Amino acid sequence: MKQKINLRLLGIAMLAVIVTTLSVTLIYYRAFQRQVRSDLRTEAGVLKATGFFQHEYSPDTDPETLDARLETLFSEVKELRITWIDSDGTVLFDNDNSVAQLENHSDRPEVQEAFRDGEGESDRKSDTMDMNTYYYATLLEDGTVLRVAMEARNIFSMFVSVFPAIILLVAIILVLCVILGRILTKQLLAPIDKLAESMEDTSIIPVYKELIPFVDTIRAQHENILAAAKSRQDFTANVSHELKTPLTAISGYAELIENHMVDQEQETNFAHQIHKHADRLVVLINDIIQLSELDSNQQVAVEEMDLYEAAQSCVELLKVSAAKKNIRIDLMGEPCMIRGNRSMISELIDNLCQNAIRYSNEGARVTVSVWLVHESPILTVSDTGIGIPKDQQERVFERFYRVDKSRSRQTGGTGLGLAIVKHIVELHHAEIKLESEPGKGTTIKVIF
C-alpha cells in the first residue's frame, strides 16, 4: 500500500509538471505572438508617419537619391524587414533584398488584405524549423502598401529551449515527492496501523470516517468468528457428554452380565437397557451427522413441492407412535406449493411433530395444519403438552438445550431436534415463531 501511494504521488507530480509546462508555454507563446503583432503595427505606424514612403516626389528629387536615402535610413535595422509595394504588387523597396530579385507581391495574403481592408497580417513558417515570420501591411494614402516583417521563434523552439529546465525541475520534484511521499504515507497509515493493533477495542473510533463501515464489518466478522468458535467448542463438549452417558450405561450393564453378577431375570432387563441406550446412541449420532451436513451445505437443491402432502406423509407415519402414548395427531389445511428441499422439509415436519408428541402427556392432542395466509404458506404444529416457560423459549433452538432434561432422555430426545429445524428454516429463507404457555401447550409456526 505504501509503495502504491508513493508511486501514485510521483505519477501525479510528473503529470502536473508536464501539463503545467505545456500550458504555460502555450500561454506565453500566445502572448508573445500578440506582442510581436502589436510591435509590428507600431513600427509600421512610425514608418508611415515619416513620409518617406510616397509616390509623389518633388521635381528636384531623383529616384536613385530617394532609394539611397531609404537604404541609409534603414541600414541599421537588422531585425525588421521593410517592404514598400506598389498598387500593382511591384516591390518598390526592400531593405533585406534587391528589388530586382523580388517577384510581384500581389498574391501575398497580408498585402491583399491591406488593399481590401486598409491593413492585413499573417505569419508563415521560415525555411528553418525553429522560426516563424510575422507580417503586417498597411495601406498608404497614395495607394501603395507598406509591409513590415519580423522573424521570431516558434513554439517548438521555445519548448526546446526550456527543456533542460523542465528536466531539472522534474528531477527536483521527484526527489521531493519521494521524501514527502514517505512522510505523508507514514502519517496517513499511522491511524490504520494503530487501529489494526487494537481491532478488538470498540472504544477506538477510526480517524477516517470512510473506514468506519469497513471496521464495523471486520469487528462484526471477528465477533462472529469468536462466537462460532465458542459454539463449536460448546458443541464438542456437549457431544462428548451426550455420548458418554449412554456408553457408560452400556459398559456397566455389559460388565455385570459378563461377570455373571446378575440372575437370569435381571440379565434380560440389562440387555433391554443396553439395547435402549444403543438405540439412543444411533439416534444421537444420526442427528449430529445431519446437523454437520446442514452446517456445511449452504446451497440447497430445491424443487416445487406440496407442503400439505409432505405434512400428510409425516402425520401418517407418526400416528402409531402417538397412539402408543394415547395422543391424537390430526392434520388440517389445504395444498400449498413451495420451493424447497423435499427431504429437509420432511425432516423439519417430523422433528416438530415428534417434539410435540414427546413433550405431551397421555390424552393430549397434536394438530398439524398447512394454510396459505396472505400468499404465504404457513406450517403450524400445535400441542396441548407441558409447554415452555417464558424465560426458556428463546433457547429451545440451541443445540442440546432441553427444557426438561430428565423427560427428554427418558423419551429418547437428543436435544438437537429444534436446532435442526432452525437450520432448515434458515436454509429455506423462512421464518419460525414459537408461542407457548406452561401447562397449556406449544405452537410453532414456520412461514415460507
Side-chain angles (χ1 to χ4, degrees), residues 246 272-273 275-287 290-291 305-336 340 342-371 377-389 392-393 396-397 400-425 432-446 448:
H272 172 72
Q273 292 295 329
H275 184 264
K276 176 182 175 181
H277 286 291
D279 286 343
R280 172 171 166 73
L281 276 176
V282 171
V283 173
L284 182 60
I285 291 171
N286 286 336
D287 282 352
Q290 185 175 14
L291 201 54
M305 60 172 292
D306 188 350
L307 183 61
Y308 182 84
E309 183 182 326
Q312 188 177 36
S313 299
C314 289
V315 168
E316 291 296 328
L317 290 174
L318 291 173
K319 278 187 175 180
V320 175
S321 60
K324 290 180 179 179
K325 291 187 63 176
N326 193 25
I327 293 174
R328 180 181 172 183
I329 181 168
D330 297 316
L331 174 66
M332 298 189 303
E334 60 185 355
C336 290
R342 190 175 296 275
S343 62
M344 288 186 183
I345 296 299
S346 297
E347 182 70 23
L348 179 148
I349 300 171
D350 183 73
N351 279 341
L352 289 178
C353 291
Q354 287 206 38
N355 230 46
I357 295 171
R358 185 176 296 118
Y359 292 99
S360 294
N361 297 319
E362 288 190 8
R365 181 180 179 182
V366 175
T367 304
V368 181
S369 61
V370 177
W371 299 101
I378 298 179
L379 168 72
T380 305
V381 178
S382 301
D383 64 66
T384 57
I386 62 175
I388 304 170
Q392 299 185 49
Q393 290 180 9
V396 294
F397 296 102
F400 293 110
Y401 186 81
R402 299 181 180 89
V403 177
D404 188 341
K405 296 182 180 180
S406 60
R407 182 186 183 97
S408 178
R409 288 196 176 95
Q410 289 175 3
T411 56
T414 62
L416 294 175
L418 289 181
I420 293 173
V421 166
K422 182 181 179 183
H423 220 102
I424 294 174
V425 168
I432 189 166
K433 294 183 178 180
L434 182 146
E435 297 176 1
S436 184
E437 188 175 343
K440 292 187 177 181
T442 300
T443 298
I444 296 180
K445 290 183 179 181
V446 180
F448 292 89

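Computed from heavy atoms alone, side chains included, the values below leave out hydrogens, waters and symmetry copies. Computed from a prediction, not measured in an experiment: that's the story for all the values here.
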Out of curiosity, [X] [atom1] to [Y] [atom2], how far, rounded to the nearest 0.5 Å?
X	Y	atom1	atom2	result
Lys422	Leu418	NZ	CG	10.5 Å
Ile388	Lys440	CD1	NZ	15.5 Å
Ile349	Leu307	CD1	CG	5.0 Å
Ile345	Phe448	CD1	CZ	4.0 Å
Ser313	Tyr308	OG	OH	10.5 Å
Arg358	Ile386	CZ	CD1	11.5 Å

Where [X] and [Y] come nearest, the two heavy atoms and their spacing:
X	Y	result
Met344	Ile424	O-CD1, 3.3 Å
Thr442	Gly387	OG1-CA, 3.6 Å
Ala310	Ser346	CB-OG, 4.5 Å
Ile327	Asn361	CG1-O, 3.7 Å
Met305	Arg342	CB-NH2, 3.5 Å
Cys336	Pro377	CB-CB, 4.1 Å

May I ask you to test the [X]-[Y] pair for a side-chain heavy-atom distance under 4.5 Å?
X	Y	answer
Phe397	Leu434	yes
Ile444	Asn355	no
Ile378	Val370	no
Val368	Asp330	no
Ile432	Lys445	no

### Message
Applying side chain to side chain contact (heavy atoms under 4.5 Å, CB included) to Val381 and Thr443, what does each step give before you reach the verdict?
### Response
CA-CA 6 Å; Val381 178; Thr443 298; over 6 Å; no
* **Any donor-acceptor N/O pair, Lys325 side chain to Ser360 backbone, under 3.5 Å** =>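 A pair under 3.5 Å: yes.
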Does Asp383 come within less than 4.0 Å of Arg365, counting only side-chain N to carboxylate O?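 No salt bridge links Asp383 with Arg365.
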